[in-house]
Amino acid sequence: MNAIAATALADLPAKPELMQAAVQGGGAAFRVHCVQCHGAGGAGGKNLYPSLTDDDWLYGGTPEKIVETITKGRSGTMPPMAAAVGSADD
């Protein structure tokens with residue numbers, strides 16, 4: 001986990017073992033913390049929770065904005081998940 005956190009997102013594809021571990025870890029975290037609202041396939045639900053499978057990013061689709069949304073949440077729509085997913089400082 002420390003090796004993944006210490007690697008820039010853009011550099012992960014060049015490191016297949018780290019990339020595989022990151023994808024597996026992300027999938028596990030999604031199943032525990034996100035599937036309840038966004039659904040098993042990430043398609044969202046009944047106009048309550050947005051789809052994560054399309055290119056319509058409500059708060060920005062850059063890696064930085066995605067991290068911000070996950071860690072800080074969105075007022076009234078998504079709780080902050082920083083404690084659940086950790087950070088590079090953990």
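What you see is a predicted model; the values in this text were computed from it and never measured. Along the sequence shown, the residues carry numbers beginning at 1.
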Q: Can you tell me how far apart CE (M19) and CG (L12) are? Round to the nearest 0.5 Å.
A: 6.0 Å
Q: Answer whether the closest heavy-atom distance between the side chains of R74 and Y59 falls below 4.5 Å.
A: yes
Q: Could you work out, with salt bridge (Lys or Arg N to Asp or Glu O under 4.0 Å) as the rule, every residue matching K15, not counting sequence neighbours?
A: none
Q: Report the distance from atom OG1 of T7 to atom CG of L18, rounding to the nearest 0.5 Å.
A: 5.0 Å
Q: Tell me, which pairs form a salt bridge (Lys or Arg N to Asp or Glu O under 4.0 Å) where one or both residues lie in residues 16-40, sequence neighbours left out?
A: none
Q: So which atom in T71 and which in P80 form the shortest heavy-atom distance, rounded to 0.1 Å?
A: O-CB, 3.3 Å
Q: Linking I/L/V/M/F/W/Y whenever any side-chain heavy atoms sit under 4.5 Å apart, do L58 and M81 land together?
A: no
Q: List the atom of I66, the atom of G61, and the distance in Å for their closest heavy-atom pair.
A: CD1-O, 3.4 Å
Q: So, does H38 use its side chain to make a donor-acceptor pair with the main chain of L52 at under 3.5 Å?
A: no
Q: Nearest 0.5 Å, what's the CD-CD distance between Q20 and Q24?
A: 4.5 Å
Q: In Å and rounded to the nearest 0.5 Å, what is the CE to SG distance from M78 to C37?
A: 8.5 Å
Q: Taking all non-hydrogen atoms of both residues, which atom of A43 and which atom of S51 are closest, and how far apart?
A: O-CB, 3.4 Å
Q: Any idea which heavy atoms bring A22 and I4 closest together, and the distance?
A: N-CD1, 3.6 Å
